[in-house]
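Presented below is the structure to which this report refers.
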Amino acid sequence: MVENTFKDMNYSEYFTNRPTDQITRDLIGRPLTFTNQNNQVLGGYIVEAEAYMGRKDRAAHSYGGRRSPANEGLYRPGGTIYIYSQRQYFFFDVACQEENEPQGVLIRAIEPVWGIEQMIKNRSGKDGVLLTNGPGKMMQAFGIHSRNWDLHPLEESPFSIDLDDNKRKIPREIIATPRIGINQSDPYWAEKKLRYIVSGNPYVSGMKKHNYANNNGWT
DNA sequence: AACAAGATTCCCT
DNA sequence: GGGAATCTTGTTC
């Protein structure tokens, strides 16, 4: 399948029909925006995302078929928003695969482009890489303090991921690494490389200054 | 009913 | 690099 055919795909198609790790990798470089209640468009390019492979994935919230109101979104059809809260912070996921196949992708970081001034305000003045270089920080920059959009289909929400290949940025290199914050006893899932990042992009969480790449790692 | 453990962030040292 | 803040689930007493 040629990638530029995705331009005309809807979210439901995009977030199914391929393995979730492949979907996750394909999201790197695409624009993610959130339009707030004042009609301000906030967002940037996705530079970091993680795949969660469902019931069999020891690190997934749906591991072993675990299901509760808190992770119901994962069980919804591909393209459904799954917002999870933890320690006063919120995470933005999109469900992947068919209904009742609880896989998903976690968007962990963006390179800010649109509405930067407003996002800085939402982040209490935090600027530079600290603005959006983590999943909780990104949602705070969007001004999100609730699970209000949990369980809503992406196309019926203020969130938007532009699937037009002409609008995306092309990384010089996409690297796969183990996921962040996974300390499971099962080394297979703890070490499996399901986190995808733009190599050398400063907005990737934990990126060291001496690893910063020219042009933020874009071609 | 109490408690530990998370897909984290911030503010120290 | 370590500890606190602080919400929800699942486990155990």
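Computed from a predicted structure; not experimentally measured. All chains are named by letter (A, B, ...) in the order of the sequence lines, taking the proteins before the strands, and each is independently numbered beginning at 1.
Here the straight-line distance linking atom CE of A:Met207 with atom OG of A:Ser199 works out to 6.5 Å at 0.5 Å rounding.
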What pairs of nitrogen or oxygen atoms, one from the protein and one from nucleotides 4-7 of chain C, lie under 3.5 Å apart?
{"from": "C:dA5", "atom 1": "N6", "to": "A:Arg87", "atom 2": "NE", "distance (Å)": "3.3"}
{"from": "C:dT6", "atom 1": "O3'", "to": "A:Gln88", "atom 2": "OE1", "distance (Å)": "3.3"}
{"from": "C:dC7", "atom 1": "OP1", "to": "A:Gln88", "atom 2": "OE1", "distance (Å)": "3.1"}

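For the pair A:Arg58 CZ and B:dG6 C1', the computed distance is 13 Å after rounding to whole Å. The separation between A:Leu131 atom CG and B:dT9 atom P is 13 Å, rounded to whole Å. Residue A:Phe91 contributes atom CZ, which lies 10 Å from atom C1' of B:dT9 at whole-angstrom precision. One interatomic measurement links the two molecules: CH2 of A:Trp189 to P of B:dA7, which rounds to 15 Å at whole-angstrom precision. Atom C1' of nucleotide B:dT9 and atom NZ of A:Lys126 are separated by 9 Å, given to the nearest angstrom. The separation between A:Ile83 atom CD1 and B:dT8 atom P is 16 Å, rounded to whole Å. We find that OH of A:Tyr196 is positioned 19 Å from P of B:dA7, with the value rounded to whole Å. Atoms NE2 (A:His61) and P (B:dA5) sit 16 Å apart, rounded to a whole Å.
Between A:Phe159 and A:Phe92, the ring-plane angle classifies as parallel under the 30° and 60° cut-offs. Using the six-membered ring where Trp is involved, A:Trp149 and A:His152 have ring planes that are perpendicular, over 60° apart on the 30 and 60° scheme. Ring pair A:Tyr82/A:His61 is perpendicular by interplanar angle, where above 60° counts as perpendicular and below 30° as parallel.
Put simply, A:Lys137 has a side-chain N or O that comes within less than 4.0 Å of OP1 or OP2 on B:dC10. In this structure, A:Arg108 reaches the B:dT8 phosphate: one of its side-chain N or O atoms is under 4.0 Å from OP1 or OP2. For A:Arg66 and C:dT9, the shortest distance from a side-chain N or O to OP1 or OP2 is not below 4.0 Å.
Within 4.0 Å (heavy atoms only), A:Arg123 reaches sugar-phosphate atoms of the nucleic acid but no base atom. Among the atoms of the strands shown, base atoms are found under 4.0 Å from some heavy atom of A:Leu106. Counting any heavy atom pair closer than 4.0 Å across all strands shown, A:Tyr52 reaches a base atom.
B:dA4 and C:dG3 are spaced 16 Å apart, taking the P atom of each and rounding to whole Å.
No donor-acceptor distance shorter than 3.5 angstrom exists from the side chain of A:Asn216 to the backbone of A:Trp218, with no hydrogens or angles considered. A donor-acceptor contact shorter than 3.5 Å links the side chain of A:Asn71 to the backbone of A:Arg66.
The aromatic ring centres of A:Trp114 and A:Tyr45 sit less than 6.0 Å apart.
Heavy-atom neighbours of A:Asn214 CG from other residues, nucleotides or ligands within 6.0 Å: at or below the threshold of 12.
If you check B:dT9, C:dT8, B:dA7 against the side chain of A:Ala70, the one that comes closest is C:dT8. Each of B:dT8, B:dC10, C:dT9 was ranked by its minimum atom distance to the side chain of A:Ser68; first place goes to C:dT9. Among the nucleotides B:dT9, C:dT9, B:dA7, the one closest to any side-chain atom of A:Pro69 is C:dT9.
Counting heavy atoms from C-beta outward, A:Ser62 and A:Tyr75 have side chains that approach closer than 4.5 Å. The side-chain heavy atoms of A:Leu27 and A:Tyr196, taken from C-beta on, include no pair separated by under 4.5 Å.
Of the residues near DNA chain B, A:Leu130 and A:Gly181, the one whose nearest nucleotide (by heavy atom distance) lies more toward the 5' end is A:Gly181.
With pairs defined as Watson-Crick or G-U wobble and both atom distances under 3.5 Å, the stems of at least three pairs that touch DNA chain B come out as B:1-6 with C:7-12, B:8-12 with C:1-5.
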